[in-house]
Engineer: 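Before I ask anything, here is the structure I am working with.
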Amino acid sequence: MQASLLYGKQELAVEVPNGSVIIEPKDLASLENDKEAVQQALRHPIGTPALREMVKSTDKVAIVISDITRPTPNHKLVPWLLEELSHVPLENFVIINGTGTHRDQTREEFVQMLGDEVVDKVNVINHHCHNKDELVNVGRSRFGCDVYLNKAYVEADFRIVTGFIEPHFFAGFSGGPKGIMPGIAGIETILTFHNARMIGNPLSTWGNMVNNPLQEMAGEVNRMCKPDFLLNVTLNKSKEITGVFAGELFEAHRLGCEFTRHHSMIPVEHRFDVVLTSNSGYPLDQNLYQAVKGMSAAQKIVKHGGTIISVSECSDGIPNHGNYAQILQMRKTPAEILDLINDPSFQEFDQWQVQKQAVIQVWADVYVYSSLPDEDVCKAMLRPTHDIEKTLRELEQKYGPEMSVAVLPLGPLTIPYVKGES
């Protein structure tokens, strides 16, 4: 039988064994008129007055967006926000690219994300988590660190955070408070948010918002300098808008998470020998660092000692920025990597992604189908494959003719879980 997985900006057709189980979220149709839906959400928001009524013409307005590794339709949302706030001069706006610890976006990438007109007429800046001159201390977290946030955001008279809601492998769901924490936080704050204890907590997992320490810290940080307004959307496999959630940060986000949970959490009867997963295509599969999310979704339903095959284009490489690749080289096995990261004296940004990857690799073998050189895949202690059908045939020799296979065509946009398992 044939399966089709999102890969880069296309789909990849793969022949899989008959009887393979295809697991994907309910396919929601896009909104008939997404601009009108967003306008109505801005004018009749959840838990706040209409957006236009809240913003004075003299206000300095900060709009926080997610960076290029997320498929948030900023090219629609930001112009629609500016249109709704047309009584505010464009020079009063600053758009802050919530990079977290990721790299800056270029002007060309900003044009891709926001359109020429916005980039030409509005002040658009990258967040720099390492630059203390661009940060402000807004308090101290009960999780043990000072809280630094982007200065342009803190000093604005009115603050808007945008984003999209999807399942998240340690924060439960994306969007909402995560646009601020870690999106525009300082590195000291981000390192605490992503430390080994927080990431290793069993409650820090897909779809869980109850007593999840990452959501608790994100909420605490947001309350120290709260966004005045949230605009989040949900998307289908074609990256089209399926729902709009706007208004008070926590309530609007909660409703968006429940909407997402309803169509993305898929139960299965048992674990599988092999799970073939995408990373939901571009922009989510543009590097190996991001591809860990799809691997993590697969781990939820693969047997201990089973095999995951990750289909992720990795057009942006490993990537060549950050510490992800270097940390993977610090030890020879995933188990040794986990020992290193769990040592309280070790603290490097990007360790959280390596930690999640190592947990997966201790549980199952991981193959990667990508555009990466084999050498780069092997350095990450992963196994390259250029022929998925051949790899499946070889695995059948290992697991036998009754080998069970599951396919996650949309990768981390799905939260598969085994009935009866906590």
Side-chain angles (χ1 to χ4, degrees), residues 66 69-70 98-102 127 129-130 135 137-149 163 165-225 249-250 253-254 257 289-290 292-293 295-297 299-300 322-324 327-328 330-331 334-335 337-363 412 415 422:
S66 47
T69 64
R70 305 292 188 267
T99 55
T101 60
H102 303 164
H127 171 68
C129 68
H130 296 278
L135 303 170
N137 187 327
V138 296
R140 175 115 185 135
S141 169
R142 67 181 177 87
F143 289 89
C145 66
D146 287 332
V147 174
Y148 290 91
L149 294 177
I165 301 171
E166 65 167 339
H168 192 277
F169 64 148
F170 49 74
F173 289 93
S174 67
K178 278 191 88 269
I180 306 303
M181 176 71 245
I184 57 166
I187 187 61
E188 175 184 336
T189 316
I190 293 173
L191 286 172
T192 297
F193 185 69
H194 285 132
N195 69 29
R197 179 174 50 84
M198 298 279 275
I199 298 298
N201 190 308
L203 295 174
S204 303
T205 190
W206 296 99
N208 179 48
M209 301 291 283
V210 179
N211 298 322
N212 183 324
L214 285 113
Q215 283 294 334
E216 289 180 352
M217 182 173 175
E220 176 196 38
V221 169
N222 274 257
R223 289 183 182 94
M224 292 179 184
C225 189
L249 174 71
F250 296 107
H253 184 242
R254 183 187 69 79
C257 292
Y289 174 100
Q290 294 294 335
V292 176
K293 294 176 181 176
M295 300 175 197
S296 179
Q299 189 207 0
K300 288 185 66 65
N323 291 332
Y324 169 72
I327 298 171
L328 284 166
M330 291 181 178
R331 294 292 185 271
I337 287 284
L338 282 178
D339 289 341
L340 171 70
I341 292 173
N342 283 316
D343 185 333
S345 67
F346 183 83
Q347 190 176 65
E348 294 283 350
F349 77 88
D350 288 340
Q351 70 180 54
W352 44 90
Q353 212 82 348
V354 179
Q355 181 180 358
K356 278 293 188 182
Q357 180 178 319
V359 166
I360 296 162
Q361 291 176 280
V362 167
W363 182 265
I415 311 176
S422 60

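Positions are given from 1 along the sequence.
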Engineer: Can you check whether Phe170 and His194 have ring centres sitting under 6.0 Å from each other?
Structural biologist: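 Ring-ring flag for Phe170/His194: true, centres closer than 6.0 Å.
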
Engineer: For the residue pair Trp206 and Phe169, does the interplanar ring angle fall in the parallel (under 30°), tilted (30 to 60°) or perpendicular (over 60°) class?
Structural biologist: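 Trp206 and Phe169: tilted rings.
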
Engineer: State, yes or no, whether a side-chain contact exists between Ser204 and Ile199 at a heavy-atom distance under 4.5 Å.
Structural biologist: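 A side-chain contact under 4.5 Å is absent here.
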
Engineer: For Tyr148, which residues count as a ring-ring contact (aromatic ring centres under 6.0 Å, His included) partner, sequence neighbours excluded?
Structural biologist: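 Not a single residue meets the ring-ring contact (aromatic ring centres under 6.0 Å, His included) criterion with Tyr148.
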
Engineer: Is the shortest heavy-atom distance from the side chain of Asn222 to the side chain of Met181 under 4.5 Å?
Structural biologist: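 They are in side-chain contact.
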
Engineer: Mind checking whether Ser296 and Ile360 have side chains closer than 4.5 Å, heavy atoms only?
Structural biologist: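 They are in contact (side-chain heavy atoms under 4.5 Å apart), so the answer is yes.
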
Engineer: So Leu135 and Ile187, do their side chains get closer than 4.5 Å, heavy atoms only?
Structural biologist: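 In short, these two side chains do not touch, never coming nearer than 4.5 Å.
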
Engineer: If we ignore angles and hydrogens, is there a donor and acceptor under 3.5 Å between the side chains of Gln357 and Gln361?
Structural biologist: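 Judged by distance alone, the side chains do pair up.
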
Engineer: Residues in side chain to side chain contact (heavy atoms under 4.5 Å, CB included) with Ser66, at least two apart?
Structural biologist: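 With sequence neighbours excluded, Ser66 shows a side chain to side chain contact (heavy atoms under 4.5 Å, CB included) to Arg70, Thr72, Asn74, given in chain and number order.
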
Engineer: Would you say Asn342 and Gln355 make side-chain contact, with heavy atoms under 4.5 Å?
Structural biologist: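 In contact.
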
Engineer: Applying salt bridge (Lys or Arg N to Asp or Glu O under 4.0 Å), can you list everything that pairs with Glu216, at least two apart in sequence or on another chain?
Structural biologist: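 Per chain and number, Glu216 pairs via salt bridge (Lys or Arg N to Asp or Glu O under 4.0 Å) with Arg142.
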
Engineer: Could you check if a side-chain atom of Leu338 sits within less than 4.5 angstrom of a side-chain atom of Val359, using non-hydrogen atoms only?
Structural biologist: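 Contact flag for Leu338/Val359 side chains = yes.
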
Engineer: Just wondering, do His253 and Met209 contact through their side chains at under 4.5 Å, heavy atoms?
Structural biologist: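 A side-chain contact under 4.5 Å exists here.
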
Engineer: Compare all side-chain heavy atoms of Trp352 with those of Asp350 and state whether any distance is below 4.5 angstrom.
Structural biologist: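 Heavy-atom side-chain distance check passes, below 4.5 Å.
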
Engineer: Could Arg223 and Phe250 be counted as a cation-pi pair, given that NZ or CZ must be under 6.0 Å from the ring centre and within 45° of the axis?
Structural biologist: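 Verdict for Phe250: a cation-pi partner in Arg223.
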
